[in-house]
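Data block below; observations after.
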Amino acid sequence: MNSDSDLQIAGDILEVPHLLQPPREHPATVAEFVGLARSIAADRSQWEHLVQYDATSRWYHRLRTGPGYEVWLLSWVPGQGSGLHDHGPSSGVLTVLGGELTERTERGTRALGAGSQRVFAPGYVHEVVNDSLEPAVSLHVYYPGLTEMPMHAAQCATAAVTA
Ligand SMILES: [Fe+2]
């Protein structure tokens, strides 16, 4: 009987701290990327003073980089939007830090208030718009870092409105 590979711990794991995994310096799972975004969202001193609003072009700022990932801060004045796009080979976590954004996909429209998060895989197509009357701020984590953002043709209903 080979019992070498079976580790069983009876009792409180905190009683055997030498067996605990050390906390990771950088996120490595979807849950950890979501957690990173939440921790940044909760600590406004990390980003609030950096936010700028630009009515003429989209404003964004790279807040942090790590092994294989990037964290971006974006602002949205009322009416600004991303257009319909995907994120190339990148997965991402979108977190609304302030204000309200609207996400449109082929499956429908979703209002994203402060604290809302969306997680997406490569190939996910969406459009993000500030449809509200107040500015909005969002945090975007991309893994791997965003190298392309291919635009997609607007859907018929949108095209009719913007044409
Ligand atoms: Fe996006």
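Each residue takes its place number in the sequence, starting with 1. Note that ligands are numbered from 1 as they come in the structure, with each ligand's atoms numbered from 1 the same way.
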What I want to check is whether the side chains of Ser132 and Glu100 have a donor and an acceptor closer together than 3.5 Å.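 Side-chain D/A pair, Ser132 to Glu100: absent.
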Distance-only side-chain donor-acceptor flag, His152 / His85, under 3.5 Å: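 There is no such pair between these side chains.
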How about Glu103 and Arg118: do any of their side-chain heavy atoms sit closer than 4.5 Å?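 A side-chain contact exists here, since the closest heavy-atom pair is under 4.5 Å.
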Polar side-chain atom of Thr95 near backbone of Gln117 as donor-acceptor pair, under 3.5 Å: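 Such a contact is absent between Thr95 side chain and Gln117 backbone.
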Protein N/O/S atoms under 2.8 Å from the Fe ion (ligand 1): how many?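 Protein N, O or S neighbours of the Fe ion (ligand 1) under 2.8 Å, waters not counted, come to 3.
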Below 4.0 angstrom, N of the basic side chain to O of the carboxylate: do Arg64 and Glu70 qualify?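 A salt bridge is absent here (no side-chain N lies under 4.0 Å from a carboxylate O).
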Testing the basics here: between Gly68 and Tyr143, what is the closest heavy-atom pair and its distance to 0.1 Å?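 Smallest interatomic distance, heavy atoms only, reads O-CD1, 3.1 Å.
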